[in-house]
Amino acid sequence: MAGPGVPGAPTARWKRHIVRQLRLRDRTQKALFLELVPAYNHLLEKAELLDTFSKKLQPEPNSVTPTTHQGPWEESGLDSDQVPSLATLRVKWQEEEEGLRLVCGEMAYQVVEKSVALGALESELQELQSRLAALEVRVARLREARAQQAQQVEERRAQNAVQLEAYEALRAHVGLREAALRRLQEEARDLLERLVQRKAGAAAERNLRNERRERAKQARVSQELKKAAKRTVSISEGPDTLGDGMRERTETLALAPEPEPLENEACEKWKRPFSFKKRRGHSIGGAPEQRYQIIPVCVATRLPTQAQDVLDAHLSEVNAVRFGPNSSLLATGGADRLIHLWNVVGSRLEVNQTLEGAGGSITSVDFDPSVRNFAPVAWDCAPSDLHTGQGYQVLAATYNQAAQLWKVGEAQSKETLSGHKDKVTAAKFKLTRHQAVTGSRDRTVKEWDLGRAYCSRTINVLSYCNDVVCGDHIIISGHNDQKIRFWDSRGPHCTQVIPVQGRVTSLSLSHDQLHLLSCSRDNTLKVIDLRVSNIRQVFRADGFKCGSDWTKAVFSPDRSYALAGSCDGALYIWDVDTGKLESRLQGPHCTAVNAVAWCYSGSHVVSVDQGRKVVLWH
């Protein structure tokens, strides 16, 4: 018998199956015929007996009288009384013949039935043989397909072996590269630490020299002040209000005299030690940084009460709004990739100009810090340009994985800050000139040198960045993982992390840089005291709900109030000192308010929503 691995094994199996079926059929039919054969033999015996009786009953032709003939019973020695009569024998013979006919009829009927059954079985056998032939053809085809698939399997195995060898080689190569990368990173860290140490040492030495120089200058200034205090000063007074004419008097003053042109340097030396203004120093081991001087202009904020002007400003939802110089210039940016500049004239908004060229939806807008300085000595443009925005810079974050910088007035020249790998969600100017910070959904925060449109530093974070703000030497970022992170702009590491409830949507830094306002998706605003790094106030209100991941909340210019827009179109204002809801403004907004802005004079508020509206409140 062929084994299971021999190609003829399937054929042997079906043949054995057919033989078993035929044997079973033979046994079944043989049992029927075995019953029929004894009956048939019995009939044959009876037929022979009847034939014998009939022959004996017929008289012989040579015999004259029956007396001369000896019957079988005489020959057998039987008495004449014991021999049955002829009529009786005929009756019995007829009965036996009738029974034999019946039996023969039954057997003929059974033979016919068996013949019909045999014909049916023969037709079924022919059908099975045809099916068997078809199955043999199919088996042959399947064998061919199996042989082809076995060949393909062998080819795939060979390919897999080759690819496995290549994969192992790549793994070994990657392991070597990773080891080299780790060595390079360790060397880079060592070099950076040594560089920082050298810079720190150089800065300490420079600070020591400067301190000695300042002490020497202070000593000289003290001597000059003592000499100046002993001088006699002649003071001429103008006409008095009583009409007594001109008069002169001479007094001895214990104050410093009015500096003469040649004494300006001494006067500056006298002013410096008593100046309480915060001195922004130099970067570690570098050249002096040029910083903006931001002067507060709001003494007391006035709460808005009603909407003064309502405009359908953009073609789609408006995401960002920011006030510019002198509280008269306003910028709005939206999903239509446009930035509109507006002039606040009385209680109306008038179109100034439109900045085009953004590659995606605008998510954040910021003005150059110089436009927030209202001291004429720090202006980068003439005061007459305040209403036109000429000479200023506008920075915008876009969904095109880049930030855009416009120089308004220079034919609207535009720079692109590209380098992020996902949507840019925030872009802010730093207080140091020609520098900016951007945050993105690619989990990075980048610092930029605007003079060269060059990324000077990349900070990798564990979560999406939704907003950033900048202080003197610090960068604060709010993230999707419900944390606010603090970064020293002079160091590579995160200095502090403050957890909050809910994803952070916006950050607002007070003018004195002592308090931080955060808005988050848990429908709360939080005031963080940066002096103790602790949450000071938490603002909630019935009906207030943060409408999106980029909803912006702001401080008032004097930090007395916190302002935010809700998804129901209302503006909510809280008192920072008491923590109570001060006002709720329900007006033209029919959709969620995305951002709000409070002008630096404290007299106007502007809000923008998802329904293209810009509303001026007074």
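- Here the side chain of Ser510 pairs a donor or acceptor atom with the backbone of His515 at under 3.5 angstrom.
- A ring pair (Phe, Tyr, Trp, His ring centres under 6.0 Å) check over residues 530-557, counting only residues at least two apart or in different chains, returns the pairs Phe539-Trp574, Phe544-Tyr572, Phe544-Trp574.
- In this structure, the side chain to side chain donor-acceptor pair (under 3.5 Å) partners of His589, at least two apart in sequence or on a different chain, are Ser607, Asp609.
- Within the structure, salt bridge (Lys or Arg N to Asp or Glu O under 4.0 Å) pairs that include any residue of residues 567-582 comprise Arg536-Asp577, Asp568-Arg584 (at least two apart or interchain).
- Residue pairs meeting the side chain to side chain donor-acceptor pair (under 3.5 Å) criterion with at least one partner in residues 442-451, sequence neighbours excluded, are His420-Asp442, His420-Thr444, Lys430-Glu447, Thr438-Trp448, Ser440-Asp442, Asp442-Thr444, Lys446-Thr458, Glu447-Arg457, Asp449-Arg452.
- The main-chain N or O of Ala402 is found under 3.5 Å from a side-chain atom of Thr398 such that the two form a donor-acceptor pair.
- For Asp558 (side chain) and Thr301 (main-chain N/O), a donor-acceptor pair under 3.5 Å exists by modelled atom type.
- Here Glu178 pairs with nothing under the salt bridge (charged side-chain N to carboxylate O under 4.0 Å, His left out) rule; sequence neighbours left out.
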In residues 183-197, what donor-acceptor pairs under 3.5 Å come from side-chain atoms, sequence neighbours left out?
none

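- Under the side chain to side chain donor-acceptor pair (under 3.5 Å) criterion, Ser506 pairs with no residue, sequence neighbours left out.
- Sorted by first and then second residue, the pairs that involve residues 493-504 and meet salt bridge (Lys or Arg N to Asp or Glu O under 4.0 Å), not counting sequence neighbours, are Arg503-Asp549.
- Looking at residues two or more places apart in sequence or on another chain, you find a side chain to side chain donor-acceptor pair (under 3.5 Å) between Asp522 and Ser520, Thr524, Lys526.
- For Gln501, the side chain to side chain donor-acceptor pair (under 3.5 Å) criterion is met by no residue, not counting sequence neighbours.
- Between Asp366 and Lys428 there is no salt bridge, since no side-chain N of the basic residue sits under 4.0 Å from a carboxylate O of the acidic one.
- Residue pairs meeting the salt bridge (Lys or Arg N to Asp or Glu O under 4.0 Å) criterion with at least one member in residues 323-349, sequence neighbours excluded: Arg348-Glu350.
- Under the rule for a ring-ring contact (aromatic ring centres under 6.0 Å, His included), the partners of His604 that lie at least two apart in sequence or sit in another chain are His618.
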